[in-house]
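Here is the structure we will look at.
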Number of protein chains: 2
Amino acid sequence: MNIGEASSASGVSAKMIRYYEQIGLIAPKGRTESNYRLYGPEEVHVLRFIKRARSLGFSLEETETLLKLWQDKSRTSAAVKEVATTHINDLERRIAEMQSMVKTLKHLSHCCGGDHRPDCPILDDLAGENVA
Amino acid sequence: MNIGEASSASGVSAKMIRYYEQIGLIAPKGRTESNYRLYGPEEVHVLRFIKRARSLGFSLEETETLLKLWQDKSRTSAAVKEVATTHINDLERRIAEMQSMVKTLKHLSHCCGGDHRPDCPILDDLAGENVA
DNA sequence: TGTAAGGCTTCCCATGATGGGAAGGTCAAG
DNA sequence: CTTGACCTTCCCATCATGGGAAGCCTTACA
């Protein structure tokens, strides 16, 4: 199967498949005489794996680690769990940061008239004027 | 004041001050004979404004909008509030996405032994095997 | 059989916000 | 007068993705 078919079978764009190949994540099974990349069901499976990992927020580097663990039959589930746990902690840290932003912004918005007048506690806060 | 002083007075790195200048966010008050950038308290105030906006998660583009509104004495607070509201919605959407990832990952982690054995529901999920 | 359409190749560029670092000019203190 | 700390511009890297050009290949149809 060509790259276009592998793309629609996996949901990963052809552009990305080539990029993943470039960074060593996945190689085509071979090439045709005319240099077209060739993929089999194995490769599509790997592409789906990558896509699922990305959709759970894993970086490509983490995804590579997970992929290697997947292919390593002598892995321990502890090793996998550690990658996941680290990622969960990272996500939770970022969520907390954003929630803090939202909290501040909602407070400022609540205090802002939102009318035709120029007075605005949001701008006052950004300008460092301790009004709100 | 030179860029170094403006940097420590505002908390924005010299590198970033130059970048913000490049994209048209802030210009130095002038230059010395030897081409050094010169800043006054006004400019430091603007830099602090930018920094605060960034810390609330606004993009540089949104920050530019807010900066223009700040400097426009005939702005309406409604215009400012709209920028903030859009940003809040964006943050909340991203928070929800990440929370969904965390939820899934926590479930998978919970089901994962985390021991010396290779069996791992996390990998099974990534591989598309509907085990967990 | 010729041609047109669409798929494939590689290569370069852009994003957003930030940092690293080199090469070279400037300033202030000793 | 030298040294070190500052400043200048310029280029490169990050992370994951997309856009697009130039050129080759394949397939389908007239």
Side-chain angles (χ1 to χ4, degrees), chain A residues 1-39 43 46-67 86-87 90-91 94 97-98 101, chain B residues 1-39 43 46-67 86-87 90-91 94 97-98 101:
Chain A
M1 131 179 56
N2 286 339
I3 200 171
E5 290 168 274
S7 171
S8 38
S10 65
V12 177
S13 75
K15 211 84 178 172
M16 278 302 101
I17 296 179
R18 293 194 196 95
Y19 175 65
Y20 295 162
E21 178 181 347
Q22 194 192 317
I23 63 171
L25 265 192
I26 179 168
K29 197 163 53 182
R31 296 267 189 158
T32 67
E33 287 183 2
S34 54
N35 207 32
Y36 282 21
R37 287 169 179 83
L38 282 178
Y39 300 92
E43 284 75 28
V46 170
L47 287 171
R48 287 179 169 283
F49 183 101
I50 295 172
K51 198 187 179 200
R52 175 72 177 144
R54 294 285 302 128
S55 81
L56 288 174
F58 288 105
S59 71
L60 285 181
E61 198 177 352
E62 289 165 327
T63 302
E64 190 184 6
T65 302
L66 291 169
L67 204 44
T86 301
H87 180 46
D90 190 44
L91 283 171
R94 284 154 55 197
E97 270 177 19
M98 289 196 285
M101 291 176 188
Chain B
M1 120 180 66
N2 284 340
I3 200 171
E5 289 167 272
S7 171
S8 38
S10 66
V12 178
S13 76
K15 211 81 176 172
M16 278 304 101
I17 296 179
R18 293 193 197 96
Y19 176 64
Y20 294 162
E21 178 181 345
Q22 195 194 315
I23 63 172
L25 265 192
I26 180 171
K29 197 163 55 182
R31 294 268 187 159
T32 66
E33 287 184 3
S34 53
N35 206 30
Y36 282 22
R37 286 169 179 84
L38 281 178
Y39 300 91
E43 282 75 30
V46 170
L47 288 170
R48 286 179 169 284
F49 182 102
I50 295 171
K51 198 187 180 199
R52 175 71 177 147
R54 294 287 303 129
S55 80
L56 287 174
F58 288 105
S59 70
L60 285 182
E61 199 177 351
E62 290 165 326
T63 301
E64 191 184 5
T65 303
L66 292 169
L67 203 43
T86 301
H87 181 45
D90 189 46
L91 284 171
R94 284 153 56 196
E97 270 177 20
M98 290 197 284
M101 293 176 188

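Reckoned from all heavy atoms, side chains included, excluding hydrogens, waters and symmetry mates. A note on names: the letters A, B, ... follow the listed sequences, proteins ahead of strands, and every chain is numbered from 1.
- Mapping A/T32 and A/S13 onto DNA chain D by nearest heavy atom places A/S13 closer to the 5' end of the strand.
- More than 12 heavy atoms of other residues, nucleotides or ligands shown are found within 6.0 angstrom of CD on B/E5.
- Contact check, B/S34 against C/dC27: a side-chain N or O comes under 4.0 Å of OP1 or OP2.
- A/R37 is listed as a side-chain neighbour of A/R18, based on a closest heavy-atom distance under 4.5 Å.
- For C/dG25, its base sits under 3.5 Å from the side chain of B/Y36 at one donor and acceptor pair at least.
- Computed from coordinates, the A/E64 CD to D/dA16 P distance equals 11 Å when rounded to whole Å.
- Proximity note for B/L60 (side chain, C-beta onward) versus C/dT9, C/dA17, D/dA16: the nearest is C/dA17.
- Whole-Å rounding puts the B/E21 CD to D/dC10 P distance at 12 Å.
- Side chain of A/H87 to backbone of A/E62: no donor-acceptor contact under 3.5 angstrom is found.
- An OP1 or OP2 oxygen of D/dC25 is reached within less than 4.0 angstrom by no side-chain nitrogen or oxygen of A/R31.
- Checked against D/dG20, D/dC10, D/dT17, the side chain of A/Y19 finds its nearest nucleotide in D/dT17.
- Rounding to whole angstrom units, CD of residue A/E33 and P of C/dT9 are separated by 15 Å.
- The NZ-P distance, from A/K15 to D/dC15, rounds to 20 Å in whole Å.
- Contact between the side-chain N/O atoms of B/R37 and the OP1/OP2 oxygens of D/dT9 is found at a separation under 4.0 Å.
- When the nucleotides D/dA16, C/dG19, D/dC7 are ranked by their closest atom to the side chain of B/N2, D/dC7 comes out on top.
- The side chain of A/S59 lies closest to D/dA16 when the candidates are D/dC7, C/dT18, D/dA16.
- Rounded to whole Å, the distance from CG on A/L38 to P on D/dT26 is 11 Å.
- Side-chain nitrogen and oxygen atoms of A/Y20 include at least one within less than 4.0 Å of the OP1 or OP2 phosphate oxygen of D/dT17.
- In the set D/dG18, D/dC6, D/dT9, the nucleotide with an atom closest to the side chain of B/R18 is D/dT9.
- One can place CD of B/E5 at 17 Å from P of D/dA5, the figure rounded to the nearest angstrom.
- When rounded to the nearest whole Å, the span between CD1 of A/I23 and P of D/dT17 equals 9 Å.
- Contact annotation: the side chain of A/V12 never approaches that of A/I50 to less than 4.5 Å [non-hydrogen atoms, C-beta and beyond].
- No side-chain heavy atom of A/T63 sits under 4.5 Å from any side-chain heavy atom of A/Y20.
- For B/Q22 and C/dA14, the CD to C1' distance is 14 Å, given to the nearest whole Å.
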